[in-house]
Amino acid sequence: MARTPGVTAEPASASWRLLDRSFFDRHPAEVAPDLLGRVLVHDSPGGRVAVRLTEVEAYGLPGEDPASHSYRGRTRRNAVMFGPPGHLYVYFIYGMHFCANLVCMPEGSGAAVLLRAGEVVAGAELAHARRTGRRVPPGEPAADTGTGTPAAAPVRELARGPARLAVALGFAREHDGVDCCGEGPVRVLEGLPPDPARVRSGPRTGVPNGKHTPWRFWIDGDPTVSPYREHRPRAR
DNA sequence: CCTATGATCATCT
DNA sequence: GATGATCATAGGC
């Protein structure tokens with residue numbers, strides 16, 4: 001515990017050991033469910049935020065998975081997906097959001113796991129401040145009123161959804177390609193995987209024709225899991 | 001609780 | 001020029 005100060009919300013039996021690169025050197029549909037219960041840590045100048053993953057989605061290889069960014073081969077955006085496993089692939093979408101993935105399989109493959117939701121187990125105050133865009137002095141509650149505003153978001157909402165998770169952990173453009181398997185600021189800890197009986201799978205959220213590939217995995221009953229949404233083409 | 005809608009821009013066609 | 005691995009908000013129930 002002394003080696004990982006600040007992560008105190010986990011049960012004592014959780015492991016602080018790092019997941020090594022070989023963990024990610026597998027097909028994303030195999031890595032994804034194995035990531036549930038693991039803890040993603042980001043140490044930044046502002047402090048530490050750690051998130052216990054509760055919901056993930058696998059995105060497959062070029063030609064294999066039409067929903068994957070890598071489906072049509074390597075481009076500038078998805079280049080990191082084709083790099084070595086265990087690195088962060090962060091992309092910008094909808095003109096305003098970032099989403100984070102962990103790269104899988106050997107270098108050159110083009111596969112990853114999207115981090116869709118988790119429970120903030122350390123640094124909730126910092127995560128909250130990132131959400132509101134306001135500085136929250138230590139010890140001060142966020143000066144929020146009004147239901148439903150980001151400032152009023154309860155801790156369980158801080159990393160519920162891929163863009164919220166990225167905000168909570170402070171991930172943006174500059175984190176695309178960051179190695180998570182070294183002694184750098186971003187690491188994945190073994191944590192405490194859930195009882196396998198609580199791991200569910202189903203179609204991925206918001207992907208067209210996604211019903212045929214049940215590559216979304218989550219911890220059943222966990223309040224931080226995001227709501228499932230079917231793909232809807234947007235009106236012009 | 002739920003559904004509908006607008007915001008906003010990098011990326012690829 | 002169209003699209004998107006989303007979210008906050010408004011309004012209905």
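These numbers were taken from a predicted model, which means no experiment stands behind them. Heavy-atom basis, side chains included; hydrogens, waters and symmetry copies ignored. Reminder, nothing fancy here: chain letters follow the sequence lines and each chain counts from 1.
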Peer 1: Which pairs, protein N/O on one side and nucleotides 10-13 of chain C N/O on the other, fall under 3.5 Å?
Peer 2:
none

Peer 1: Can you check whether A/Met105 reaches A/Phe82 side chain to side chain, under 4.5 Å on heavy atoms?
Peer 2: no
Peer 1: Could you verify whether a donor N or O on one side chain and an acceptor N or O on the other, from A/Thr224 and A/Arg116, lie under 3.5 Å apart?
Peer 2: no
Peer 1: Nearest heavy atom decides the nucleotide; on that basis, is A/Arg160 or A/Pro208 closer to the 5' end of DNA chain C?
Peer 2: A/Pro208
Peer 1: If you look only at distance, which donor and acceptor atoms sit under 3.5 Å apart when one is on a side chain in residues 152-176 of chain A and the other is two or more places apart or in another chain?
Peer 2:
from, atom 1, to, atom 2, distance (Å)
A/Glu157, OE1, A/Arg164, NH1, 3.1
A/Arg160, NE, A/Pro223, O, 3.3
A/Arg160, NE, A/Val225, O, 3.0
A/Arg160, NH2, A/Val225, O, 3.3
A/Arg164, NH1, A/Arg160, O, 2.9
A/His175, NE2, A/Gly170, O, 3.1
A/Asp176, OD1, A/Val90, N, 3.0

Peer 1: For each nucleotide in nucleotides 6-13 of chain B, reading 5' to 3', give B when a protein heavy atom comes within less than 4.0 Å of its base, S when such contact involves only the sugar-phosphate, and - otherwise.
Peer 2: -BBBSSSS
Peer 1: Of the residues in residues 213-232 of chain A, which ones touch DNA chain C at a heavy-atom distance under 4.0 Å?
Peer 2: none
Peer 1: When you measure from the centre of the six-membered ring of A/Phe23, is the NZ or CZ of A/Arg21 under 6.0 Å away and within 45° of the axis?
Peer 2: no
Peer 1: With salt bridge (charged side-chain N to carboxylate O under 4.0 Å, His left out) as the test, would you mind laying out the steps for A/Glu190 and A/Arg38 before giving the verdict?
Peer 2: CA-CA 5 Å; A/Glu190 284 187 355; A/Arg38 313 300 190 175; 5.3 Å; no
Peer 1: What does A/Ala163 touch in the nucleic acid at a heavy-atom separation under 4.0 angstrom: a base, only the sugar-phosphate, or nothing?
Peer 2: sugar-phosphate
Peer 1: Let me have DNA chain B in dot-bracket notation, would you? Count Watson-Crick plus G-U wobble pairs, both distances under 3.5 Å, and use [ ] for pairs crossing earlier ones and | for inter-strand partners.
Peer 2: |||||||.||||.
Peer 1: Compute the centroid of each ring, for A/Tyr59 and then for A/His69, and state whether the two points are separated by less than 6.0 Å.
Peer 2: no
Peer 1: A/Asp220: what forms a salt bridge (Lys or Arg N to Asp or Glu O under 4.0 Å) with it, not counting sequence neighbours?
Peer 2: A/Arg200
Peer 1: Got a salt bridge between A/Asp179 and A/Arg187, using NZ or NE/NH1/NH2 to carboxylate O under 4.0 Å?
Peer 2: no
Peer 1: Got a salt bridge between A/Arg204 and A/Glu57, using NZ or NE/NH1/NH2 to carboxylate O under 4.0 Å?
Peer 2: no
